[in-house]
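Please read all numbers here as calculations on a predicted model, not as lab measurements. Proteins come first, then strands; the chains are lettered A, B, ... in the order of their sequence lines, and each starts at number 1. Values reported hereafter were calculated over all heavy atoms of this structure, with side chains retained and with hydrogens, waters and symmetry mates removed.
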There are 2 protein chains.
Amino acid sequence: MAHRGRPRGFDADAALKNAVEVFWRQGYEGASLSDLTAAMGINRTSMYAAFGNKEELFHRALALYAEEEMAYAREALAQPTAYAVIETFLRANAEALTRDDRPVGCLSVQGGLAAGGDNGHIARFLADSRLAGEQALAERLARAIEEGDLPPDTDPHALARYVMVVSEGNAVHAAAGVPREALLASVEIAMRAIPTRQLK
Amino acid sequence: MAHRGRPRGFDADAALKNAVEVFWRQGYEGASLSDLTAAMGINRTSMYAAFGNKEELFHRALALYAEEEMAYAREALAQPTAYAVIETFLRANAEALTRDDRPVGCLSVQGGLAAGGDNGHIARFLADSRLAGEQALAERLARAIEEGDLPPDTDPHALARYVMVVSEGNAVHAAAGVPREALLASVEIAMRAIPTRQLK
DNA sequence: CAGATTCAGTACCGAGCGGTACAGAAAAAG
DNA sequence: CTTTTTCTGTACCGCTCGGTACTGAATCTG
């Protein structure tokens, strides 16, 4: 199928990347179309032609965020031991929450927590996406139990949920301006709750 | 000073209590004046006469929330040992986050996380109020160190921050619909990071 | 009683929202 | 060249927002 007419004059991926930052800083409801299009450097009309509407733009933005800004999570899952998986994840998470070239905090956490009215499905969508990460971690921990890397009576879902609780709590702290070193100190304490193979 | 004119025809405290629930469920920006006055059972005009404006109403609502819904935190601080203080706080917190006669989650956490634009000072105000609680806990833990109740090399601020991280992470989970038992399981794991006098 | 204050209710303000319509220019295919 | 598609830009849609003005009735003090 051939292409007819004037081609798109902007880089949709680059524009989406800029939209991510706006949603990250201001949340779904707090980011107005004027904010978004201004940051994306394109016109209102072009945005609707390229992405459909605000909600679809948000979905695309969250997908890009998960792919680029959460890459450390997938890398952490590849660590050889459960302890290393968790420690790598939480430390990288604390650093990602406080990168000085990015908004502080986590897009998924602060993007839709307050959306309780008409946009309740946004909050549910974000919660489900976080739950998917928690599930992936639980499966990795279940494998660790099979490998004798965690005590056999460990509940992998409960442990994964605890890790995500620390991650999200740190996200709330980061959004409040707590510095990186303080987040890492919380990670260090949190790691004391993780069983190690040696202690078994 | 005497009172002249028609007296107020509604219970301001009861109306404020209803406003708390709306802010709790929908956040600061998500709660419209129509939502608020409808729940409070009073007129728009009466609200402005009694509370000033939306932001002052929110301040009053948060104060009432801290006084009534966070009473368990002050009770927890009165526990005899640091371990008991933390465990009592986190368990009561998990239950408060999932009371079926109240909105799920924490007003302070979900009330203003997404407020990044004009209402940024709301988020900062909420963060400061959470920090005050963290500071109170840190002082209680410092006393515990003096009493030999925690190892002398313990950093009370870091430990208090960790406890608040767990509390806020659980608040995020609760807002996502995670049930009480799951929150309590995270508390149980989190407690493994808390030193006890016996283990010293 | 008169005067003061608050009541409930409604209509309205300017502003911003998400989204659309329409303009005229630009760049591709045939 | 014509046609088609997308471009940029502006104006506008209906709606909701927080907040105000005004009305007439109600209820207090003095």
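Of the possible donor and acceptor atoms, none in the side chain of B:Lys17 sits under 3.5 Å from a partner among the backbone N and O of B:Leu64. Under a 3.5 Å cut-off, the side chain of A:Tyr65 and the backbone N or O of A:Leu107 do form a donor-acceptor pair. The main-chain N or O of A:Ser108 is found under 3.5 Å from a side-chain atom of A:Arg130 such that the two form a donor-acceptor pair.
Side-chain atoms of B:Arg44 and base atoms of C:dG9 include no donor and acceptor less than 3.5 Å apart. Checked by distance alone, A:Asn53 brings no side-chain donor or acceptor within 3.5 Å of a matching partner on the base of C:dG19. Below the 3.5 angstrom threshold, one finds no donor paired with an acceptor across the side chain of A:Ser34 and the base of C:dG16.
Relative orientation of the A:Phe23 and A:Tyr28 rings is parallel, given thresholds of 30° and 60° on the angle between their planes.
At D:dT16, none of the side-chain N or O atoms of B:Ser32 fall inside 4.0 Å of OP1 or OP2 (strictly under the cut-off).
As rounded to whole Å, 16 Å separates atom C1' of C:dC7 from atom CG of B:Asp11. Put simply, CD on B:Glu29 is 14 Å from C1' on D:dT16, counting in whole angstrom units. Computed from coordinates, the A:Ile42 CD1 to C:dG19 P distance equals 14 Å when rounded to whole Å. Atom CG of B:Leu33 is separated from atom P of D:dT20 by 10 Å (rounded to the nearest Å). Atom pair B:Tyr48:OH and C:dG9:P shows a separation of 18 Å (rounding to whole Å applied). Spacing between atom CD of A:Glu56 and atom C1' of C:dG19 amounts to 13 Å, rounded to whole angstrom units. Atom pair B:Asn43:CG and C:dA11:P shows a separation of 13 Å (rounding to whole Å applied). Atom-to-atom, CZ of A:Phe23 to C1' of C:dG18 comes out at 12 Å; the value is rounded to the nearest Å.
If B:Leu36 and A:Ser46 are placed on DNA chain D by their nearest nucleotide, the residue sitting closer to the 5' end is A:Ser46.
Counting any heavy atom pair closer than 4.0 Å across all strands shown, A:Phe10 reaches sugar-phosphate atoms only and no base atom. Nucleic acid contact for A:Ala31: sugar-phosphate only, since backbone atoms but no base atoms lie under 4.0 Å from a heavy atom of the residue.
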